[in-house]
Amino acid sequence: MKRTCYVAELGPAHAGQTVTLQGWVNRVRDFPEQYFVILRDRSGIVQLTIESDNPAYSVASELRGEFVIEVTGLVRERGEAQRTGAYPTGGIEVIPTALKILNAATTPAFQVDGTPITAAEDIRLKFRYLDLRRPEMQRNLMLRSKAVASVTRFLDAEGFIQVETPMLTKSTPEGARDFLVPSRLNPGEFYALPQSPQLFKQLLMIAGFDRYYQLARCFRDEDLRADRQPDFTQLDMELSFVEQEDVLELQERLLASVFRDVLDVELPLPFPRLSYFEAMDKYGSDKPDLRFESAFVDVTDLFAGGAFQAFATATSVKVMAAPELTRKQIDELERVAKQNGAKGLAWLKRDGDGFTGGISKFVGDQAAELISRTGVAAGGTLLFAAGEWQKAVTALGAVRLALRDLFGLAAGGQFHVSWVTEFPQLEYDEDNARWTYMHHPFTAPHPDDIHLFGTERQGEIRAQAYDLVLNGFEIGGGSIRIHDPAVQEKMFAAIGFTPEAAHAQFGFFLDALAAGTPPHGGIAWGFDRLLMVMAGAQSIREVIAFPKNNRGADLMALAPAAVDAGQLAEVGVQVATRVELE
RNA sequence: GGUCCGGUAGUGUAGCGGUUAGCAUAUCUGCCUGUCACGCAGAAGGUCGCGGGUUCAAAUCCCGUCCGGACCGCCA
C-alpha cells in the first residue's frame, strides 16, 4: 500500500509535501483550464486540482463519479480567494504528479457524495454497499465501532471476562418465537437460535467466572419495527455476589463512559429512578420519554358519581395538560388513543376560569380544581383517558408521545437516561387465564414480597428487575436472578409449573442451580437501539450494516429464499404446500 | 392477524378523467479562466408496480393483488 495518509489528515502543515492518496471520485468539476476532482475516502474529502498542462490532465478527463483512484501529488495551500470552509480540508488542495484509475464504476443508483440522501430506504438497502459509502453511514458505523471499543475497554478494566456462547442451542425461556435450524445429524430435531444468552450467562456465574460480558447476537422471530430486527446485538453482562444496587451503579458508570468516549457528552449521575407503577401512572409507559414532563394528573375523584357516565364509573380518570389544539389535532390524537386501546379521548379547552368544548357541559364546580391540579394554561387543552387504570394510562401515554412529536417537545438533541425499577414479578395472562412471569422465570422477587407467592396478592410482588431507558427507548433490561431453590420452587408454582414440568423444560439448568450457585444478576443492552438513539437516527437500520426490512427480508442478498429439494432432503425437511386454515 | 400512508424516467417528485405525462437531480455531449451542491446550452431516458373493471376516453375512479413504510397485536 502506497497511501501516506487519509485525506482528512491533510492540512496547511502539509503544504509542500508529496502525499499519496487512495479513494473514490466524489465529484468532478471541469473548467476550461483545469479539473477539480473531489477525492473521498472514509475520513472525508479533499480537492485535487489538475491544470491543463498537468500530465494527469487526460486521466482526469476520464474520471467519473465513484471511480476508484490513486493519486500522488503536492499539497498546496490555497489562495485566500480560493479557500472554502465548507469542509475541513478546504484550505488546501493537492496538485497531482501521478493519477491512476484503479477501477471504473457503474453510475450509482443514487448520489453517495454526501449531499442529503433522497432515495427511499428500500433502494438504499438494495444497494447497501453504495449506501454504506455515504459519509452519514460511515459515521454511524464508526460511531458503533467506537462504542464497542469503549465498552470493551471499560468492562475489561472492571475485570469482566468475555465469553462466547453458542448460536446453535435450545430454546430459552423468554417469550419470543424461536428461529429453528434443522439438524442433519439428528433428523427430525432442531436447534433454536438464541433469543438471548440468558441461561448460558447464568451458567457462567455458576461456573465461577464472576463477571462476564459478550456482544451477543440474538434472534427473535417476531414482527419487525423501526427499532426491532429479527437478529440484533445485545451487550450482555452478568455479575456474581452482587445486589441490584451494585449492578445499577456499575451500569451508570459504563453508560456514562460510553457517552463520554463516543459523543463527548457527560451524563449526569446517578440516573433518576422511577418505579414501574410511577412510570405507568405518570407517563403511561414503562419506558417513558422524560426529555419533557407532561405528567398525568389523577382526577378520578372529581368525576366519581357525576353526570358524565364514562368518567363517573371509571376506576381511573387521568388527565394531561396540552397546548392549544385545533379540532383536527384533537381528532388525530383521539385516533392515537383509540389505536392504543381507549374508547375515546375526552377534552376540554380552558377559557378564562372555565372550560369550553369537548365535555365542558359536564364540568361545573370542578373547573377551578382541574385548573389548579393540571396547571393548564389559558387557551390550553386538557386531554382525558378513563377506564381501567392500565388501559387509561397506556392510551394517554401514546397521546403524550404524539403530542411530543406534534410540538417538538423533546427537540434539541438532549439525552435523558433513567431507570425503571420494581416491575411486577408476575402478570396475569388474560388469554390463557393464568399467571405468568413478566421478565423470565429466574428473576428474583423482592425479599420483602416473597410471602405473597400463592396468595391473592401475588400480582403485587415486586421483581428485582430494572430497565434502562433512554429518550423513551428501552435500551437495557435485567434483573437479580433467583439462586435459592426454595424461591425458585415458589416461582414455578406461581406460574403453574409442577416440579416435574419445570424439570422437563429446564432440567439441566435446575441441576446446575443446585450445584453451588452464587447470588448473581445482570443486564443486557439493546446495543443497536442504543446506537440508534446516540446517532440521532429514526430507525435501528441506520446503525446496522446489513439490516432486514419490515418483512424480515434482506433486499440486497434477497434472503430469505427457497432452497432446492436436495438441500431439504439432506436436513430431513419437507415443505408443506401452504394451506389456508379457515 | 389488524389499522393507516405510499408505489409515475437511474433517483426524488408534480399531475388525480381528455397533457406530446411536467419539474429537479443524476447520466451523455458541447460551451464556460478557480469551482467547491460551479454555471450555461442541448440530448437521451417512462409497459405511470401488476391484473381486472367502470368510461367514448384511465397515471387519474373502483376492485383485487404484489411491493415499501409507520403503528397495534406480537416481541417481557
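None of the values given here were measured: they were computed from a predicted structure. Below, read A as the first sequence line, B as the second, and so on, with proteins coming before strands; counting in each chain starts at 1.
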Seminar exercise, completed: By side-chain contact (heavy atoms from CB on, under 4.5 Å), A:D331 pairs with (sequence neighbours left out) A:R327

Any-strand Watson-Crick or G-U partner of [N], both distances under 3.5 Å:
N	value
B:C56	B:G18
B:G42	B:C28
B:G6	B:C67
B:C74	none
B:C23	B:G12

Anything under 3.5 Å between a protein N or O and an N or O of nucleotides 2-7 of chain B, put it in a table, one pair a line.
none

Problem set entry | Protein-to-nucleotide contact annotation, 5' to 3' order, nucleotides 29-35 of chain B [B base; S sugar-phosphate only; - none; under 4.0 Å, heavy atom] | S-BBBBB

For this session: Let me have a per-nucleotide readout for nucleotides 8-16 of chain B, 5' to 3', with B, S or -, counting only protein heavy atoms under 4.0 Å.
Result: --SSS----

Exercise. Ring pair (Phe, Tyr, Trp, His ring centres under 6.0 Å) with A:F36: which residues, sequence neighbours excluded?
Worked result: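 A:F36 satisfies ring pair (Phe, Tyr, Trp, His ring centres under 6.0 Å) with A:F31 only.
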
Problem set entry | RNA chain B-proximal residues of residues 222-238 of chain A, any heavy atom under 4.0 Å |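 Listed by number, they are A:E222, A:D223, A:R225, A:A226, A:R228.
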
Problem set entry | Aromatic contact, A:W389 with A:F277 (centres under 6.0 Å) | yes

Problem set entry | Side-chain-base donor-acceptor pair under 3.5 Å for A:D467 and B:A76 | yes

Exercise. Any side-chain N or O of A:N340 under 4.0 Å from OP1/OP2 of B:C71?
Worked result: no

Problem set entry | A:N550 side-chain N/O to B:G68 phosphate OP1/OP2 under 4.0 Å |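 Answer no for this pair, as no side-chain N or O of A:N550 is under 4.0 Å from OP1 or OP2.
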
Exercise. Any side-chain heavy atom of A:T443 within less than 4.5 Å of one from A:F423?
Worked result: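 Counting from C-beta outward, A:T443 and A:F423 never come under 4.5 Å.
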
Problem set entry | P spacing across the pair B:C16 / B:U11, given as an integer number of angstrom | 24 Å

For this session: Mind checking A:G477 for me? I need base, sugar-phosphate or nothing, with any heavy atom below 4.0 Å counting as a touch.
Result: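 Base, at least one base atom sits under 4.0 Å.
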
For this session: Give a yes or no on whether a salt bridge exists between A:E136 and A:R139, defined as a side-chain N under 4.0 angstrom from a carboxylate O.
Result: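 Salt bridge: no.
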
Exercise. Is the shortest distance from a Lys or Arg side-chain nitrogen in A:E460 or A:R457 to a carboxylate oxygen in the other one below 4.0 Å?
Worked result: yes

